[in-house]
Amino acid sequence: MKQPAGFEGGRLLVVAFEGWNDAGEAATGAAKLLIDRLGLVEIAAVDPELYFDYQFTRPTVAVGDDGARRIEWPGAAILGPSGMPTSNDEERVTGPGADSLHVLIGAEPARSWKGFAAELVDAALTADIEGIVLLGAMLADAPHTRPLSVFASSENAEVRRALGVDRSSYEGPVGILSVIADQAERVGIPTVSLWASVPHYVHNAPSPKAVLALLGKVEELTGLSIPRGNLEAEAKAWEAGVDALASDDEDMAGYITQLEQARDAVDAPEASGEAIAQEFERYLRRRGDGPEGRADGRGDGPRDEPWRPRDGA
């Protein structure tokens, strides 16, 4: 299948933000793995004074390798190739466009979203970016024992035809990913959004299984090959940890069984693509918001509650 410019062999930008868009730290976890594997360096960054409320997204203090304590400020930056070979060939990202892959990572801003997005899209244009993949993760009615699904969508008709993805029908509050996608499409950079489903009953813990799901979808759409390192072992340990929690809570175990049965019905061979799409739309209506309305519970958007046994469950 012929891919549009930027999605196989072009200059690609992968985008992930902490906060509302990042349930289980899955989106930023995938972005950080790419940064590490590619040895990327910062090529452009926003001035945090313009966009962040430090009482909402506080700076942190960290101790460096030299023992000195330093303040680290929230922000957002685009990282690109350093031009230096990675030290370990087994950990290299390979495939079409791997040598020109860029990553945008940061915290969701508190103000001036239009200016924030415009500044970063301008930096992407300066870097000759040809396509953008936006990574997100939402808390969902997903069983941790099954493969975590990733919903792909695009507002770009050419991208939808080439990649076989859908156009989202969601209407409601959005996060910074949607604002950046809108700005990018307006200046002619095609975009695709990938949203991983993270089990809402383990919302406090990072989810390496969701990171794996996002990386797998990136590979599928771009032709890249991304080494996982210890991530698969971490995902198995995460799943085993949730199993242990459920074994001590009869109500939680019963709830997970219900989720498994619902997921298996959707994944059954007789389930058509239309039936799966309808199931996703029912999920959106039931939750009262769309892929960006449920993340880690921070920000002003709708919040998910952690697992609690229900009376009579």
Side-chain angles (χ1 to χ4, degrees), residues 13-36 40 45-46 48 51-53 56-60 72-79 102-110 113 116-117 120 132-142 144 148-153 168 170 172-181 191-218 226 231 234-235 238 242 287 289-306:
L13 175 65
V14 176
V15 178
F17 280 90
E18 299 170 357
W20 211 51
N21 315 273
D22 193 28
E25 300 176 18
T28 52
K32 289 174 182 177
L33 184 143
L34 287 171
I35 292 169
D36 181 61
L40 302 183
V46 300
Y51 304 114
F52 291 91
D53 179 345
F56 177 70
T57 308
R58 290 186 177 273
T60 59
E72 296 180 352
W73 298 91
I78 294 179
L79 297 94
H102 290 60
V103 172
L104 165 55
I105 191 169
E108 189 173 61
W113 281 24
F116 179 86
L120 289 170
I132 296 178
V133 177
L134 301 118
L135 303 182
M138 56 185 174
L139 294 177
D141 296 328
H144 72 282
L148 298 182
S149 60
V150 176
F151 178 69
S153 66
S168 175
Y170 168 67
V174 298
I176 193 62
L177 291 180
S178 290
V179 179
I180 289 177
T191 66
V192 62
S193 297
L194 308 180
W195 284 87
S197 296
V198 177
H200 72 87
Y201 50 88
V202 285
H203 76 294
N204 284 327
S207 177
K209 192 169 183 177
V211 175
L212 279 175
L214 281 172
L215 292 174
K217 197 66 174 181
V218 170
I226 305 169
L231 193 57
E234 293 171 3
W238 172 84
V242 181
R287 305 296 283 181
D289 49 41
E292 291 177 286
R294 301 276 173 168
D296 65 354
R298 291 180 284 178
D300 297 328
R303 297 168 182 261
D304 266 285
E305 296 296 325

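Residue numbers run from 1 in the order of the sequence given.
The minimum heavy-atom distance between Ser197 and Ala140, with the atom names listed, is CB-CB, 3.8 Å. Of all non-hydrogen atoms in Ala26 and Ala137, the two that sit nearest each other are CB-CB, 3.8 Å. Listed here is the closest heavy atom pair of Ala31 and Val103: CB-CG1, 3.9 Å. When all heavy atoms of Ser168 and Tyr170 are compared, the pair lying nearest together is OG-N, 3.2 Å. Summarising the geometry of Thr57 relative to Ala107, their closest heavy-atom pair is CG2-CB, 4.2 Å, with the distance given to 0.1 Å. The minimum heavy-atom distance linking Val174 with Trp113 is given by the pair O-CZ3, 4.0 Å.
Between Val202 and Trp238 the shortest side-chain heavy-atom distance falls below 4.5 Å. Taking 4.5 Å as the limit, some side-chain heavy atom of Trp195 sits within range of a side-chain heavy atom of Asn21. Under the 4.5 Å side-chain criterion, counting only non-hydrogen atoms from C-beta, Val218 is in contact with Leu135. Put simply, the side chain of Pro199 reaches to within 4.5 Å of the side chain of Leu148, judged on heavy atoms.
With Leu104 as reference, Ile180 is the one residue of Leu79, Ile180, Val14 to meet the side-chain contact (heavy atoms from CB on, under 4.5 Å) rule.
Rounding to the nearest 0.5 Å gives a distance of 8.0 Å between CD of Glu25 and CD of Glu18. Taking CG of Asp53 as the start and CZ of Arg58 as the end, the distance is 9.0 Å to the nearest 0.5 Å. Once rounded to the nearest 0.5 Å, the distance linking CZ of Phe17 with CD1 of Ile105 reads 9.0 Å. Rounding to the nearest 0.5 angstrom, the gap separating the OG1 atom in Thr60 from the CD atom in Glu72 is 4.5 Å.
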Item to check | side chain to side chain contact (heavy atoms under 4.5 Å, CB included) assessment of Ile176 paired with Tyr51 | outcome: CA-CA 12 Å; Ile176 193 62; Tyr51 304 114; over 6 Å; no
Which atom pairs, one a donor and one an acceptor, fall under 3.5 Å between side chains of residues 208-217 and the rest of the protein, sequence neighbours left out?
{"residue": "Lys209", "atom": "NZ", "partner": "His144", "partner atom": "O", "Å": "2.7"}
{"residue": "Lys209", "atom": "NZ", "partner": "Arg146", "partner atom": "O", "Å": "3.1"}
{"residue": "Lys209", "atom": "NZ", "partner": "Glu239", "partner atom": "OE1", "Å": "2.9"}
{"residue": "Lys217", "atom": "NZ", "partner": "Glu220", "partner atom": "OE2", "Å": "3.4"}

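The ring pair (Phe, Tyr, Trp, His ring centres under 6.0 Å) check on Phe52 picks up nothing, with sequence neighbours excluded.
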